[in-house]
Protein chains: 2
Amino acid sequence: MNHAAPRRSDATRAAILSAARERFAADGYERATIRSIAADARIDPAMVMRYFGTKAGLFAAAATLDLQLPDPAAIPRDCAGTAIAAHFLERWENDEALAAMLRGAATNDYAAAEARRVFTDQVRPMVAGLCPNPEEATIRAALIDSQLLGIALNRYLLRLPPIAALSRAEIAAWIGPTIQRYLTGPLPSDDSEPFTTPPQAAPDPAS
Amino acid sequence: MNHAAPRRSDATRAAILSAARERFAADGYERATIRSIAADARIDPAMVMRYFGTKAGLFAAAATLDLQLPDPAAIPRDCAGTAIAAHFLERWENDEALAAMLRGAATNDYAAAEARRVFTDQVRPMVAGLCPNPEEATIRAALIDSQLLGIALNRYLLRLPPIAALSRAEIAAWIGPTIQRYLTGPLPSDDSEPFTTPPQAAPDPAS
DNA sequence: GTCTATAATTCGATAGAC
DNA sequence: GTCTATCGAATTATAGAC
């Protein structure tokens, strides 16, 4: 029973959500104001409150994200690393909800919790489909998550020139083997002490 | 000529800076208020303005960071990866300016520019000391930066449980080989098309 | 459903007494 | 140097006319 009762206000809701995603992605949670979002959507600010109740409610509705991760069974286990990297980069550039979520997560507790939930509900299950041991899968998934988010942080949020200048394929080629190793490589041996280095300079005492 | 004229107000300045680092690290730039920082330092809010002029000026003074990266010449080139990872994690846990900078960079333009400057002035030169080709060194440094920041993001900002639960040595053992490969590994071959995957589910049309 | 008006806070920044 | 008082602006959110 498809009860998708098409209200007349659905277009308005969609316009608000689209504008909200843009603003949250560009400015972060605090600096993106209800007023600016409403202005972008060419809608009265009071309508935003009417539809979504609070600013937090609007963020929750706008920053819901689906990574659309591929079915693990459909990926050859040996080229999964590069495939996952390429898929992630493609998704990022076609869904502003990712930037909204990451920028928001830096300062907003709800967004941070939601980012953790994306890991638990989407990233980890996919990795678990490629790694039999559940405990290992959790750690391996978290490491993959770290590498992917680190690239996204530098490329899309900080816009660090060397990373921003590379093509998606080049990045995927670089980090693909990393993800592959986190996915299927051997556990690190914990026998050797890490080589420690003397700091180059003493800390500046409270400039 | 050491003209470090010790004013009597240096203790006050230091107290403000310490409180500011904590607040900026915990709350981000926007949510950390002059009033809350002054309260933490048990100092009148007007004094903060007197010493640092503006909120941005306070952030600039508080979030200045020195990674104290080791001299490249002092590191054996083959164990540099794990050593760099361990050093970075140690620095992070002993200087709140790093968290202040990263959290601020998500929403504040000055902080983002400063984060890029840390890369250019500190990370890249160290990598250049271990990699002869300058162009390669820049890309390799940016990839290393991405892996390190991705870990920091998940561990210290998002507090993703699987990453937060690991010890520093365990993380260094996992990501050390990654950094080592970015540092001294071969350039990726660009001959093969990445394996593309069909998305698992269709995007939800504007829920 | 849509919009005007405004309440209730909170913030950064300033002026000026002491 | 220190603190009180406050300005002016911006925010989320609500009340209510139409």
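In the text below, chain A, chain B and the rest are named by the order of the sequence lines, each starting its count at 1.
- Of the N and O atoms on the side chains of A/E93 and A/Y156, at least one donor lies less than 3.5 Å from an acceptor on the other residue.
- The two residues A/L65 and A/Q122 make their nearest non-hydrogen contact at O-NE2, 3.1 Å.
- Under the rule for a ring pair (Phe, Tyr, Trp, His ring centres under 6.0 Å), B/Y182 has no partner lying at least two apart in sequence or in another chain.
- B/T107 and A/R31 get closest at one heavy-atom pair: O-NH1, 3.3 Å.
- DNA chain D is contacted by A/M49, A/T54, A/K55 of residues 44-58 of chain A, taking any non-hydrogen atom closer than 4.0 Å.
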Without placing hydrogens or testing angles, list every side-chain donor-acceptor pair under 3.5 Å for residues 160-176 of chain A, not counting sequence neighbours.
unit_1: A/S167; atom_1: OG; unit_2: A/E170; atom_2: N; d: 3.1
unit_1: A/S167; atom_1: OG; unit_2: A/E170; atom_2: OE1; d: 3.3
unit_1: A/E170; atom_1: OE1; unit_2: A/S167; atom_2: N; d: 2.9

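- Between A/Q180 and A/T82, the side chains place no donor N or O within less than 3.5 Å of an acceptor N or O (distance only, hydrogens not considered).
- The pair A/R103-A/E96 fails the salt-bridge criterion, with no side-chain N (NZ, NE, NH1 or NH2) lying under 4.0 Å from an Asp/Glu carboxylate O.
- Within a 6.0 Å sphere centred on CG of B/D109, other residues, nucleotides and ligands contribute 12 heavy atoms or fewer.
- Residue A/R31 contributes atom CZ, which lies 17 Å from atom P of C/dC11 at whole-angstrom precision.
- Non-hydrogen atoms lying under 4.0 Å from DNA chain C are contributed by B/A32, B/T33, B/I34, B/R35, all within residues 32-40 of chain B.
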Does B/L17 form a side chain to side chain contact (heavy atoms under 4.5 Å, CB included) with B/L58? I'd like the steps, not just the answer. CA-CA 8 Å; B/L17 286 175; B/L58 173 61; 4.3 Å; yes

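- In this structure, B/F119 has no ring pair (Phe, Tyr, Trp, His ring centres under 6.0 Å) partners at least two apart in sequence or on a different chain.
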Atom pairs under 3.5 Å: protein N/O with N/O of nucleotides 16-18 of chain D:
none

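- Atom CZ in A/R42 sits about 16 Å away from atom P in C/dT2, given to the nearest Å.
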